[in-house]
Amino acid sequence: MDRKLVCLISQSEIAAIVKQLAQSLDRDYAQRSPVMISILKGSFIFLADLVRAMNTPISTIEFMRLSSYGALTVSSGQAEIVMGVPEQVVKGRDVIVIEDIMDTGITTTTVLAYLERYHPASLKLCALLDKPDRRRVPVTIDYLGFTFPDRFIVGYGIDYARQYRQLPEIYALEEQHRVREPLV
Ligand code: IMP
Ligand code: MG
């Protein structure tokens with residue numbers, strides 16, 4: 001089976017949404033200095049653009065890592081924290097989790113439950129993309145960029161089997177059935 005890339009969101013559309021999200025965060029965190037926690041690897045480009053579009057001073061940027069899908073395009077149904085953050089980074093702080101894409105909701109639910117145990121002053125979720133049709137665990141997304149029906153997304157930091165993260169646009173990765181020449 002071949003795969004093809006179908007462009008869904010252009011660079012300028014991404015930039016416009018990132019700017020809107022940054023403005024919402026600036027408005028809501030005006031008197032505070034939030035902690036941003038980015039979920040690796042998929043959200044690294046989103047995080048980099050988002051923080052540069054914000055004016056609010058950020059007290060620290062941290063990263064967490066969870067077990068990935070590997071070469072699958074469907075969730076394994078489990079998420080394991082491979083790299084966490086120190087408790088003192090979270091305790092009593094205003095924490096914003098930065099996620100690339102919300103699918104079943106299992107990864108984010110795991111992250112939020114882990115961070116809650118460290119008693120943040122507040123805990124919010126900012127996600128670039130959401131595929132609500134795929135949700136298996138309910139999650140409140142406080143700041144959201146785009147909503148999509150169920151398609152496999154790549155680009156702008158998001159991968160399929162470690163490929164395509166560097167693409168500046170957002171694409172759907174679609175299976176393409178090869179047309180065979182008839183055997184005569
Ligand atoms: P969830 O735990 O099923 O919500 O999956 C969330 C994580 O799976 C995201 O942070 C992504 O890393 C990955 N993921 C979910 N959907 C896609 C997709 O369409 N393309 C690439 N990665 C995805
Ligand atoms: Mg991810």
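When a ligand or atom number is given, it counts from 1 through the structure's own listing order.
Annotation for ligand 1: atoms under 4.0 Å from non-hydrogen atoms of Gly105 are 1 (P), 3 (O), 4 (O). Every atom of ligand 1 with a heavy atom of Thr104 under 4.0 Å away is listed here by number and element: 1 (P), 2 (O), 3 (O), 4 (O).
At least one heavy atom of Ile101 sits less than 4.0 Å from an atom of ligand 1. Ligand 1 is approached by Lys131 to a heavy-atom distance shorter than 4.0 Å. In this structure, Asp159 has a heavy atom closer than 4.0 Å to ligand 1. Residue contact check for ligand 1: Arg135 places no non-hydrogen atom closer than 4.0 Å to it.
Taking only nitrogen or oxygen atoms, main chain and side chain alike, Thr108 does not reach within less than 3.5 Å of ligand 1. Considering backbone and side-chain atoms together, Ile153 places an N or O closer than 3.5 Å to an N or O of ligand 1. The shortest N or O to N or O distance between Met102 and ligand 1 is not below 3.5 Å.
Around atom 10 (O) of ligand 1, the closest heavy atom drawn from Thr107, Ile170, Asp100, Leu128 belongs to Asp100.
A distance of 10.5 Å separates CZ in Arg135 from CD1 in Ile106, rounded to the nearest 0.5 Å.
Checked for salt-bridge contact, Glu174 and Arg151 meet the test: a charged N lies under 4.0 Å from a carboxylate O.
At distances below 3.5 Å, at least one donor-acceptor pair connects side-chain atoms of Asp142 with backbone N or O atoms of Leu125.
Only side-chain heavy atoms of Glu99 come within less than 4.0 Å of ligand 1; its backbone N, CA, C and O stay farther off. Contacts with ligand 1 closer than 4.0 Å are made by side-chain heavy atoms of Ile158 only, the backbone lying farther away.
Val6 and Tyr164 fall into different hydrophobic clusters, defined by Ile, Leu, Val, Met, Phe, Trp and Tyr side-chain heavy atoms under 4.5 Å apart, directly or through other members. In terms of hydrophobic clustering, with Ile, Leu, Val, Met, Phe, Trp and Tyr side chains grouped at heavy-atom distances under 4.5 Å, Val111 and Val82 are assigned to different clusters.
Taking the side chain as every heavy atom from C-beta outward, Tyr29 and Ile58 never approach each other to under 4.5 Å.
By the 30° and 60° cut-offs, the orientation of the rings of Tyr118 relative to Tyr114 is perpendicular.
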